[in-house]
S.K.: 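My structure is below; once you've seen it, I'll send some questions.
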Amino acid sequence: HISSLVEVDNLTKKRIREKMIGQCSSSIIVFGYGNEDSGTYGEYEIAEKAGKYIVPIKKTGFAAENIYEKLKKQEKIGEMVFLEEESKMNNMVQGIVRLLVEHKEKKENEASAKKQEVISINNSLTEIEQKEAKLTEKLKEKMMKIPNIIDPSVPIGEDDSKNVENEKFGEPFVPNFEIPYHADICEALEGLDKESAGRTSGNGFYFLTGDIARLHSAMLSYARDFMIDKGFTYCVPPFMIRSDVVNGVMSFEEMDAMMYKIENEDLYLIGTSEHSMIGRFKGQTVKESALPICLTSYSPCFRKEVGSHGIEERGLYRVHQFEKQEMVVLCKPEDAMEWYNKMWSYTVEFFRSLDVPVRTLECCSGDLADLKVKSCDVEAWSPRQKKYFEVGSCSTLGDAQARRLSIKARGETGNYLVSTLNNTVVASPRGLIAVLENNYNEDGTVSIPKVLQSYMGGKSKIEIRK
């Protein structure tokens with residue numbers, strides 16, 4: 001009965017009964033079974049071998065010290081039925097307890113050993129997981145530095161000096177009078193204050209004022225409407241993005257040279273709205289029927305301009321802050337080149353509507369950023385410099401950005417990575433420079449292109465105030 005007070009296995013229970021029967025000097029032994037069936041652990045066979053007899057009592061709750069008195073009253077046994085000597089009982093009980101303690105200690109030792117084994121395994125797993133995380137990060141960093149595969153049509157060359165002119169649109173002209181530097185034109189028309197901007201913000205910033213500021217805004221408003229008419233959806237995106245989006249849309253080298261980081265925040269000021277516009281679809285799977293997704297976005301842009309070009313001291317050509325109307329397309333991979341050709345042609349059409357001659361310049365392999373498959377610059381004619389200068393850039397990046405940001409489409413045969421493209425409609429002040437130079441008059445006025453006049457209250461000219 002004692003063995004039922006402790007959880008032990010069947011073998012141990014059998015050993016307890018063997019010891020009890022062996023140590024008992026009586027020929028009749030009373031067993032209180034409680035809820036168990038008699039004979040479960042072979043006690044009848046053990047007793048028979050020992051020449052003893054077992055009286056089973058099937059009743060839950062019998063205490064060992066009360067069994068003798070109860071049986072005596074029922075006249076089932078005589079005075080010498082129960083264990084004869086107290087010392088023998090004590091020896092028997094001690095033996096049973098010793099067995100139970102040994103069993104318990106064995107189980108505890110086994111459990112402790114298993115526990116330590118589990119702790120050791122968990123510690124090893126933690127160490128392995130930490131190593132795996134570090135190695136995964138290193139592997140990802142190395143993989144992110146692998147450039148995209150360029151299109152076979154891209155000319156091979158070491159730098160931008162090997163870029164190839166594709167086509168000219170509009171006839172470049174040089175007037176028979178001198179065209180001033182664009183900053184001088186703006187200042188003469190009371191439209192530029194870089195001195196004050198230097199006091200408020202430092203080098204690379206500016207104040208645009210008066211009709212020059214209106215012309216700047218008019219171009220951007222016209223660019224917005226121009227792209228809406230082409231079927232693009234207009235967006236105003238966030239002007240700050242997280243680091244995982246930055247890493248998804250550009251190479252590490254571009255990020256270091258361009259992006260401003262917000263101190264103590266996981267945020268960067270955008271260098272172009274393409275960054276947040278593509279990041280908008282991070283981790284998303286769109287329906288194939290929704291492709292192509294054609295978006296045009298306005299934003300201010302912020303760039304450090306670290307590198308060989310640097311910041312222009314006097315002018316507005318290369319600055320830390322500018323504004324831009326962008327176009328972004330997400331499409332099926334097989335449609336990417338068709339959209340690439342459409343997109344750069346939209347920029348050409350836009351500048352030609354402003355009476356600005358332009359050309360397209362195919363970027364060679366050495367002038368391509370790491371994620372680009374193919375890219376071309378749209379360049380505007382500068383009658384003052386008698387050469388072209390960049391006013392926009394159109395690029396197809398294949399699935400590079402989509403792969404980094406996990407942007408997929410759900411087609412009939414499963415999910416696949418989309419292709420992403422981006423292109424500048426117009427960026428100002430650089431676009432402003434092109435309009436000023438190509439519409440400058442000998443008397444110092446600037447003619448406003450017809451398509452912009454409605455955005456400037458019907459004005460046709462910007463004149464020097466008297």
Side-chain angles (χ1 to χ4, degrees), residues 168-194 206-230 232 234 296 298 300 314-317 319 322-325 327 345-359 378-392 424-466:
K168 292 179 180 179
F169 303 87
E171 190 64 33
F173 73 99
V174 177
N176 55 9
F177 56 87
E178 183 179 351
I179 298 178
Y181 184 57
H182 67 266
D184 295 331
I185 296 174
C186 291
E187 288 173 352
L189 296 171
E190 300 180 8
L192 175 64
D193 183 0
K194 289 202 74 178
Y206 52 89
F207 282 99
L208 295 181
T209 58
D211 284 341
I212 295 297
R214 290 183 71 187
L215 182 62
H216 158 88
S217 296
M219 278 196 308
L220 291 165
S221 296
Y222 169 57
R224 174 199 65 210
D225 295 344
F226 180 89
M227 292 310 301
I228 291 172
D229 290 343
K230 296 296 183 184
F232 282 61
Y234 179 58
T296 183
Y298 161 82
R314 284 192 61 226
L316 299 171
Y317 185 75
V319 288
F322 58 95
E323 294 171 66
K324 183 164 69 157
Q325 189 71 33
M327 60 179 100
S345 69
Y346 291 155
T347 303
V348 169
E349 183 182 344
F350 174 83
F351 275 94
R352 290 301 298 130
S353 70
L354 300 176
D355 301 322
V356 176
V358 293
R359 72 171 181 177
V378 176
E379 297 189 331
W381 172 251
S382 168
R384 185 187 73 84
Q385 300 181 79
K386 302 178 181 61
K387 66 177 185 178
Y388 290 91
F389 66 96
E390 182 187 339
V391 290
T424 309
V425 186
V426 64
S428 187
R430 197 173 291 190
L432 178 65
I433 297 170
V435 170
L436 291 174
E437 287 194 11
N438 283 279
N439 291 277
Y440 184 78
N441 302 309
E442 190 172 5
D443 62 0
T445 62
V446 173
S447 298
I448 298 172
K450 288 183 179 180
V451 293
L452 300 182
Q453 291 176 11
S454 62
Y455 296 92
M456 294 193 64
K459 279 193 172 186
S460 59
K461 278 186 180 182
I462 300 176
E463 300 179 306
I464 300 173
R465 294 181 184 179
K466 296 182 181 179

S.K.: Report all side-chain donor-acceptor pairs from residues 384-392 shorter than 3.5 Å, counting only partners two or more places apart or in another chain.
M.R.:
none

S.K.: Is the side chain of Gln453 donor-acceptor paired with the backbone N or O of Ile448 at a distance under 3.5 Å, no angle test?
M.R.: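 Yes; judged by distance alone, with no hydrogens or angles, the pair exists.
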
S.K.: Would a 4.5 Å heavy-atom cut-off, applied to side chains only, mark Ile179 and Ile185 as touching?
M.R.: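 SC-SC contact between Ile179 and Ile185 confirmed.
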
S.K.: Check side chain to side chain donor-acceptor pair (under 3.5 Å) between Asp211 and all other residues, then give those that pass, not counting sequence neighbours.
M.R.: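 Partners of Asp211 by the side chain to side chain donor-acceptor pair (under 3.5 Å) criterion, ordered by chain and then number, come out as Lys459.
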
S.K.: Would you say that Leu354 contacts Leu452 through its side chain, given a criterion of any heavy-atom pair below 4.5 Å between the two side chains?
M.R.: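 Yes - at least one pair of side-chain heavy atoms lies under 4.5 Å apart.
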
S.K.: Taking the side chain as every heavy atom from C-beta outward, state whether Phe177 and Tyr440 have any atom pair closer than 4.5 Å.
M.R.: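 When only atoms from C-beta onward are counted, Tyr440 and Phe177 do touch, with a gap below 4.5 Å.
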
S.K.: In the structure I gave you, are the side-chain heavy atoms of Leu208 and Leu192 within less than 4.5 Å of one another anywhere?
M.R.: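 Side chain of Leu208 against side chain of Leu192, heavy atoms only: contact under 4.5 Å found.
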
S.K.: Which distance, rounded to the nearest 0.5 Å, do you find between the CZ of Phe351 and the CH2 of Trp381?
M.R.: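 If I round to the nearest 0.5 Å, the distance is 16.0 Å.
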
S.K.: Please name the pair of heavy atoms, one in Gly315 and one in Ala183, separated by the smallest distance, quoted to 0.1 Å.
M.R.: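 Here Gly315 and Ala183 meet closest at CA-CB, 4.2 Å.
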
S.K.: Considering only distance and modelled atom types, tabulate donor-acceptor pairs under 3.5 Å from the side chains of residues 212-221, sequence neighbours left out.
M.R.:
{"unit_1": "Arg214", "atom_1": "NH2", "unit_2": "Met456", "atom_2": "O", "d": "3.1"}
{"unit_1": "His216", "atom_1": "ND1", "unit_2": "Ser428", "atom_2": "OG", "d": "2.7"}
{"unit_1": "His216", "atom_1": "NE2", "unit_2": "Glu323", "atom_2": "OE2", "d": "2.9"}
{"unit_1": "Ser217", "atom_1": "OG", "unit_2": "Ala213", "atom_2": "O", "d": "3.3"}
{"unit_1": "Ser221", "atom_1": "OG", "unit_2": "Ser217", "atom_2": "O", "d": "3.1"}

S.K.: For Thr424, enumerate each residue passing the side chain to side chain contact (heavy atoms under 4.5 Å, CB included) test, keeping only those at least two apart in sequence or located in another chain.
M.R.: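 Side chain to side chain contact (heavy atoms under 4.5 Å, CB included) list for Thr424, sorted by chain: Lys324, Glu326, Ala427.
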
S.K.: Which pairs with one or both residues in residues 426-436 pass salt bridge (Lys or Arg N to Asp or Glu O under 4.0 Å), sequence neighbours excluded?
M.R.: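 Output for this query is empty, none listed.
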
S.K.: Under 4.5 Å between any side-chain heavy atoms of Leu316 and Phe322, yes or no?
M.R.: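 Contact flag for Leu316/Phe322 side chains = no.
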
S.K.: Could you list the residues that satisfy salt bridge (Lys or Arg N to Asp or Glu O under 4.0 Å) with Lys230, not counting sequence neighbours?
M.R.: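 Only Glu349 meet the salt bridge (Lys or Arg N to Asp or Glu O under 4.0 Å) criterion with Lys230.
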
S.K.: On a heavy-atom basis, which atom in Cys186 and which in Leu436 lie closest, and how many Å separate them?
M.R.: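 Residues Cys186 and Leu436, closest heavy atoms: SG-CD1, 3.5 Å.
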
S.K.: For Tyr298, which residues count as a ring pair (Phe, Tyr, Trp, His ring centres under 6.0 Å) partner, sequence neighbours excluded?
M.R.: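 For Tyr298, no residue satisfies ring pair (Phe, Tyr, Trp, His ring centres under 6.0 Å) once neighbours in sequence are set aside.
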
S.K.: Is there a donor-acceptor contact under 3.5 Å from the side chain of Asn438 to the main chain of Pro357?
M.R.: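 The answer is no, because no donor-acceptor pair under 3.5 Å joins these two groups.
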
S.K.: Which heavy atom in Ala380 sits nearest to a heavy atom in Ala434, and how many Å separate them?
M.R.: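 Residues Ala380 and Ala434, closest heavy atoms: CB-CB, 3.8 Å.
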
S.K.: Any side-chain donor paired with an acceptor under 3.5 Å for Ser447 and Asn441?
M.R.: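 The criterion, which ignores hydrogens and geometry beyond distance, is satisfied for Asn441 and Ser447.
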
S.K.: Could you report the tightest heavy-atom contact between Val425 and Ala223, atom names first, then the distance?
M.R.: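 Closest approach of Val425 to Ala223, heavy atoms only: CG1-CB, 3.7 Å.
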
S.K.: Can you name the residues that form a side chain to side chain donor-acceptor pair (under 3.5 Å) with Arg224, not counting sequence neighbours?
M.R.: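 Listed in chain order: nothing, the list is empty.
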
S.K.: For Phe350, which residues count as a ring pair (Phe, Tyr, Trp, His ring centres under 6.0 Å) partner, sequence neighbours excluded?
M.R.: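 Applying ring pair (Phe, Tyr, Trp, His ring centres under 6.0 Å) to Phe350 gives Tyr222, Phe226.
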
S.K.: Taking all non-hydrogen atoms of both residues into account, name the closest pair between Met327 and Phe232 and its distance.
M.R.: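 Reported closest heavy-atom pair: CB-CE2, 3.8 Å.
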
S.K.: Could you note down all residue pairs passing salt bridge (Lys or Arg N to Asp or Glu O under 4.0 Å) where residues 439-456 supplies at least one of them, sequence neighbours left out?
M.R.: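 Checked against salt bridge (Lys or Arg N to Asp or Glu O under 4.0 Å) - neighbours excluded - no pair reaches residues 439-456.
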
S.K.: With Asp184, which residues qualify under salt bridge (Lys or Arg N to Asp or Glu O under 4.0 Å), at least two apart?
M.R.: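 Scan of Asp184 (salt bridge (Lys or Arg N to Asp or Glu O under 4.0 Å), adjacent residues dropped) gives Arg314.
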
S.K.: Does Asp225 reach the side chain of Tyr234, with side-chain heavy atoms less than 4.5 Å apart?
M.R.: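 They are not in side-chain contact.
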
S.K.: Excluding sequence neighbours, so at least two apart, what forms salt bridge (Lys or Arg N to Asp or Glu O under 4.0 Å) with Lys168?
M.R.: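 Partners of Lys168 under the salt bridge (Lys or Arg N to Asp or Glu O under 4.0 Å) test: none.
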
S.K.: Does one side chain, of Thr296 or Gln325, offer a donor that lies under 3.5 Å from an acceptor on the other?
M.R.: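 Distance-only check passes for Thr296 and Gln325.
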
